[in-house]
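Worksheet: the structure to be examined is printed underneath.
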2 protein chains.
Amino acid sequence: MDSSANVSERQAQAPALAISTVIFALRSDPSSGRPEIWLPLVRRIRQPHLGRWALPGGPLGGSESLQDAAARNLRETTDLEPTYLEQLYAFGGLDRAATRRLVSIVYWALVRPDQAGLARESENVRWFRVSEAAGLAFDHDEIVAYALDRLRGKIEYGSVAYHFLGDRFTLAQLRGVYEAVLGRQLDPANFRRQFRSAKDIVATDDVLQGVRNRPPRLYRYTGQPAPASPPPG
Amino acid sequence: MDSSANVSERQAQAPALAISTVIFALRSDPSSGRPEIWLPLVRRIRQPHLGRWALPGGPLGGSESLQDAAARNLRETTDLEPTYLEQLYAFGGLDRAATRRLVSIVYWALVRPDQAGLARESENVRWFRVSEAAGLAFDHDEIVAYALDRLRGKIEYGSVAYHFLGDRFTLAQLRGVYEAVLGRQLDPANFRRQFRSAKDIVATDDVLQGVRNRPPRLYRYTGQPAPASPPPG
DNA sequence: CGACTTAGGGTCCAAATGACTATAACTCAC
DNA sequence: GTGAGTTATAGTCATTTGGACCCTAAGTCG
């Protein structure tokens, strides 16, 4: 279609539909050892916003569900499998993209950073601290902020922190997740009390070796790996 | 386009994008006087699912935001203005509609039933008790169930019950809203205590006259009329 | 061996909540 | 007008929850 289409022609045009994904992972600060929230961004290789960083995403394939599309562009950018994937919001404001009316259905995901994926950066894919991810293309700054809100809400509700971690973890590691997401320190003793009484977290017989203090016990999460409420549709 | 398009042609076709709205209102049972949740449905006047009841909705106009589209089809079906309107979820499963790939961005709304709108039914628009809204077209049964879940969650969180009521209400009326939504009885004394300490609900100087018992005080909600978190986009 | 660090157990207190009782203020039947 | 009925409103008591804080356990490191 001719890019000189006038306003009424643009209005008659069907809105374009895209899927984007906000991908969160934890990476520990090398000096302090405290975990921080990171996310991968991709560099725009075409107009508009050429050269700026943006959320991974793309058009919805004709034979994939919305969630499959989100999982696909997660895999394509990071080579990781999500441990958690949930729809965030559908953004459809009139002025999101200059060239064409664009509706984006955005997902958010958690991945485990343990694997090689975090190192797998390239010229056009790079991981950023969430606090340093500003000046993104389109309205992606707001989308990231909203995804962070959702992450905080979900972690307070309870069942999402485990998806940042491996299958076995110490309570201190779990507390580190909470502290990184909520942005404040938590009392170790009270945190322990609260999670000892949580029914879907069980102690294993093993402890973590190789630390310079008393070896902490390892725990396992036995709850559902899938989100609690949303429908499959 | 030819309706005999084969599978690969259908996959190449861009998904159709529609906006639908789940509209909730309270109406009191004539005999018991207890409020119940109702919603308006429209009868399908074309295939597929011709003749069945469905959520109000339609295609997204080229020059309206998603929320504007939801408000528009709310107005078109009920002639009411929403007191609350929030995005629910984007449904995009592959088999939602037999004829074409369809992505529906669904909103949910609360309206005040006081006005004339509830009576304004027609051959193709009718209000149903939410418990009796079954066998709807497409996947609308699941969508209504999910909207109800969201409504319950939001009402427990706190700031949404008022949007069912007028600007002045008694605590018993407010409790009626909670009981209707949560589906269980609440202790009047404890309910009162809880809402006396809520900062965004203030007592007026007036009481409700014309009841056959001690006249209850009228209260006013001073919180935000808009949803708390979602972005405008 | 002693200093240091984190794990893990406990107490104390304040706030929130559920179950329940009692009194107040009105209408209505008689 | 008097008492029964109904709902409003206040208060009590016990339980639960969460935050602040303390103490001991079990390691490492000098």
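So that the names make sense, note that chain A is the first sequence line, chain B the second, and so on, each numbered from 1. No experiment lies behind these values; they were computed from the predicted model shown.
- Note that CD of A:Q173 and CG of A:L218 are 7.5 Å apart. Values are rounded to the nearest 0.5 Å.
- B:Y178 and B:F195 have perpendicular rings, their planes meeting at more than 60° on a 0 to 90° scale where under 30° would count as parallel.
- Atom CD in A:E156 sits about 15 Å away from atom C1' in D:dT17, given to the nearest Å.
- Between A:F128 and A:W53, the gap from one ring centroid to the other is short of 6.0 Å.
- The distance between atom CG of B:D187 and atom P of D:dT7, rounded to the nearest whole Å, is 14 Å.
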side-chain contact (heavy atoms from CB on, under 4.5 Å) between A:Y162 and A:F169: does it pass, once the steps are laid out?
CA-CA 9 Å; A:Y162 314 99; A:F169 49 86; 3.7 Å; yes
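- Looking at A:N124 and A:S122, their side chains never bring a donor and an acceptor atom within 3.5 Å of each other.
- A:I155 places none of its side-chain heavy atoms less than 4.5 Å from the side chain of A:R150.
- Applying the salt bridge (Lys or Arg N to Asp or Glu O under 4.0 Å) test to residues at least two apart or on different chains, the pairs with a partner in residues 159-184 of chain A are A:R168-A:D206, A:R175-A:E179.
- Checked against the 6.0 Å centroid criterion, the rings of B:Y219 and B:Y221 do not qualify as a close aromatic pair.
- Chain B approaches DNA chain C within less than 4.0 angstrom (heavy atoms of the protein), and the contacting nucleotides run 5' to 3' from C:dT17 to C:dT27.
- Against DNA chain C, the stretch residues 192-200 of chain A makes heavy-atom approaches under 4.0 Å through A:R192, A:R193, A:R196.
- For the residue pair B:E86 and B:Y84, a side-chain donor N or O sits within less than 3.5 Å of a side-chain acceptor on the partner.
- The stretch residues 213-222 of chain B participates, sequence neighbours left out, in no salt bridge (Lys or Arg N to Asp or Glu O under 4.0 Å) pair at all.
- DNA chain D lies under 4.0 Å from no heavy atom of any residue of residues 170-183 of chain A.
- Using a 4.5 Å cut-off on side-chain heavy atoms (C-beta onward), A:H163 and A:F24 make no contact.
- Within residues 202-217 of chain A, the residues approaching DNA chain D are A:V211, A:R212, A:N213, A:R214, A:P215, by heavy-atom distance under 4.0 Å.
- Shown are B:I105, B:L66, B:D68; of these, the side-chain contact (heavy atoms from CB on, under 4.5 Å) with B:L60 is made only by B:L66.
- Side-chain contact check for B:V181 versus B:F164: some heavy-atom pair is nearer than 4.5 Å.
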